[in-house]
There are 2 protein chains.
Amino acid sequence: MTSQAADGPDTVAATRRSKITPEREREFFDAVLEQIRECGYDSVTMEGVAASTRCSKSTLYRQWKTKPQFVAAALRASRRVRFAGIDTGSLAEDLRQAARAAGDWSVKDTRLMQALGHAVTADQELAQALREALILPEVAALREMLGRGVERGEVPADHPALEYVPAMLFGVLRVRPVLCGQYADSGYLVRFVEATVLPALGLTEDPGHRSRDD
Amino acid sequence: MTSQAADGPDTVAATRRSKITPEREREFFDAVLEQIRECGYDSVTMEGVAASTRCSKSTLYRQWKTKPQFVAAALRASRRVRFAGIDTGSLAEDLRQAARAAGDWSVKDTRLMQALGHAVTADQELAQALREALILPEVAALREMLGRGVERGEVPADHPALEYVPAMLFGVLRVRPVLCGQYADSGYLVRFVEATVLPALGLTEDPGHRSRDD
DNA sequence: GTGTACCGATACGCATGAGTACCGGTACAC
DNA sequence: GTGTACCGGTACTCATGCGTATCGGTACAC
């Protein structure tokens with residue numbers, strides 16, 4: 001209970017009272033997220049993280065009060081928008097690119113979400129961190145992409161399928177392992193987008209011509 | 001192993017050496033699945049199941065060797081096909097009915113799948129039981145439904161979207177909670193089917209007329 | 001050089017849960 | 001009635017993990 005050591009909950013490097021560099025902190029975060037992907041949230045132990053990063057359990061507990069707070073901090077710190085930068089000028093091509101991009105990180109993020117899926121129902125902070133780190137940024141980027149398509153007149157603004165595009169994409173990412181036993185790769189996702197998302201949005205250039213090449 | 005006493009791994013009442021009636025067995029299975037939905041697989045304890053069913057831990061361990069075997073047996077015993085019996089003569093209406101039906105059990109089954117999602121990566125028997133109990137029967141029923149539509153000529157047999165329909169439906173079931181914070185209800189699922197699945201299959205009667213009533 | 005404060009290591013208390021062992025009660029077979 | 005075998009209860013062993021406490025080393029401030 002040191003008084004002024006009340007550092008923010010997620011990062012500690014801001015208060016330079018700690019000798020843990022931001023790079024070192026990243027190692028902790030990467031390690032715990034990786035172990036969660038591997039073994040599930042419940043099976044991850046602070047001891048295991050400490051061992052794999054060759055730090056001491058004390059060090060972790062000095063910076064973060066509890067395991068869920070530690071994990072939540074790790075999630076917040078790895079917030080990234082994978083869909084950022086996709087803007088080809090065509091909504092259909094944007095969506096294909098998004099599918100391709102999703103295939104690249106889908107394994108890691110899908111496993112993480114799967115592993116955290118039930119832990120978040122027990123810890124509110126964890127749930128919020130997961131949403132803000134992995135879900136909302138991607139959904140927002142996707143909606144932006146769709147918004148540009150609407151502005152260009154490629155899709156009517158009130159098209160009923162618009163609001164379901166994120167659910168379609170993230171949904172197929174999430175069920176593919178349980179349906180087929182393997183994670184969705186870029187090829188599968190692109191085919192999915194072309195077979196379902198684009199037609200649902202009315203984006204197939206010539207509906208009579210079926211352009212499958214597999 | 002033992003020749004005729006080789007009771008199936010999932011039910012024990014077949015060998016009437018046990019005094020546990022099938023109804024009693026169902027109570028055990030219902031209890032453990034319910035607790036898994038509530039607390040997650042790891043947090044479920046044999047002690048908790050025994051307490052909630054007012055039986056003894058010994059009783060459970062006499063019938064099932066380990067916790068994963070017990071859970072796998074419970075899964076196999078609750079195998080049911082929810083989509084069975086849907087056959088309206090129209091694929092579009094079949095799919096709407098399926099969506100409506102899915103809304104009814106989606107909460108229970110989605111929570112169960114979510115809760116088991118990571119445990120199955122560690123236990124092979126559990127994974128197989130989950131697939132055979134909750135996944136494959138529904139997918140098969142769905143594919144049958146689609147097959148009938150193809151036979152009736154409503155959709156060409158090689159329509160590229162056909163193979164993705166199960167992924168779309170189960171996908172949206174699975175991501176809805178994490179996207180919106182609530183489980184998918186029947187209304188949402190029907191709207192989803194009408195906005196995405198039917199158009200992707202080319203099943204919108206008059207493409208120009210947008211039939212939304214919300 | 002001296003001191004402060006953080007790091008790593010280790011050991012510990014405490015709780016919890018898997019799976020086992022034992023024991024008395026009882027229902028059913030015969 | 002007698003015996004068998006299963007049920008429920010409880011106590012036990014063993015392992016594991018959270019979170020805390022303690023201690024020596026050391027880097028950096030001044």
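To find a chain, count down the sequence lines: A is the first, B the second, and so on, and within it residues start at 1.
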Table of protein N/O atoms under 3.5 Å from nucleotides 19-21 of chain D N/O atoms:
{"residue": "D/dG19", "atom": "OP2", "partner": "A/Y61", "partner atom": "OH", "Å": "3.2"}
{"residue": "D/dG19", "atom": "OP2", "partner": "A/K67", "partner atom": "N", "Å": "3.3"}
{"residue": "D/dG19", "atom": "N7", "partner": "A/K57", "partner atom": "NZ", "Å": "2.9"}
{"residue": "D/dG19", "atom": "O6", "partner": "A/K57", "partner atom": "NZ", "Å": "2.5"}
{"residue": "D/dA21", "atom": "N6", "partner": "A/S58", "partner atom": "OG", "Å": "3.1"}

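The backbone N or O of B/L75 sits less than 3.5 Å from a side-chain atom of B/S78, completing a donor-acceptor pair.
The nearest whole Å value for the distance from the CG atom in A/L60 to the P atom in D/dG17 is 15 Å. B/Q35 places its CD atom 11 Å from the P atom of C/dA18, with the value rounded to the nearest Å. Between the CG atom of A/D42 and the P atom of D/dG17 there is a distance of 11 Å, rounded to whole Å. Atoms CG (B/D123) and P (C/dA18) sit 14 Å apart, rounded to a whole Å. When rounded to the nearest whole Å, the span between CH2 of B/W64 and P of C/dT20 equals 15 Å. Put simply, CZ on B/F28 is 10 Å from C1' on D/dG8, counting in whole angstrom units. Atom NZ in B/K19 sits roughly 7 Å away from atom P in D/dC6 (whole-Å rounding).
Within 6.0 Å of CD in A/E93 there are more than 12 heavy atoms belonging to other residues, nucleotides or ligands. Sparse packing is recorded around CD of B/Q128, with 12 or fewer heavy atoms of other residues, nucleotides or ligands lying under 6.0 Å away.
Proximity of B/T59 to the phosphate of D/dC7: no side-chain N or O atom is located under 4.0 Å from OP1 or OP2. Put simply, B/R62 has no side-chain N or O that comes within less than 4.0 Å of OP1 or OP2 on C/dA21. Listed pair A/Q63 / C/dC6 fails the phosphate criterion, with no side-chain N or O lying under 4.0 Å from OP1 or OP2.
Residues B/P68 and B/L126 approach most closely at O-CD1, 3.5 Å, considering heavy atoms. For the residue pair B/P137 and B/R131, the shortest heavy atom distance occurs at CD-O, 3.9 Å.
Under the 30°/60° scheme for interplanar angles, the aromatic rings of A/W105 and A/F170 are found to be tilted. Ring planes of B/F70 and B/W64: tilted class, angle from 30 to 60°.
Two rings, from A/Y188 and B/Y164, have their centers less than 6.0 Å apart.
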Kindly indicate, with the supporting measurements, whether the criterion side chain to side chain donor-acceptor pair (under 3.5 Å) is fulfilled by A/S90 and A/T88. CA-CA 5 Å; A/S90 145; A/T88 67; 4.7 Å; no
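Among the protein residues, B/V44 comes within range of the sugar-phosphate backbone only, with heavy atoms under 4.0 Å from sugar or phosphate atoms but none that close to a base.
For the strand DNA chain C, secondary-structure stems (runs of at least three Watson-Crick or G-U pairs, all distances below 3.5 Å) span C:1-30 with D:1-30.
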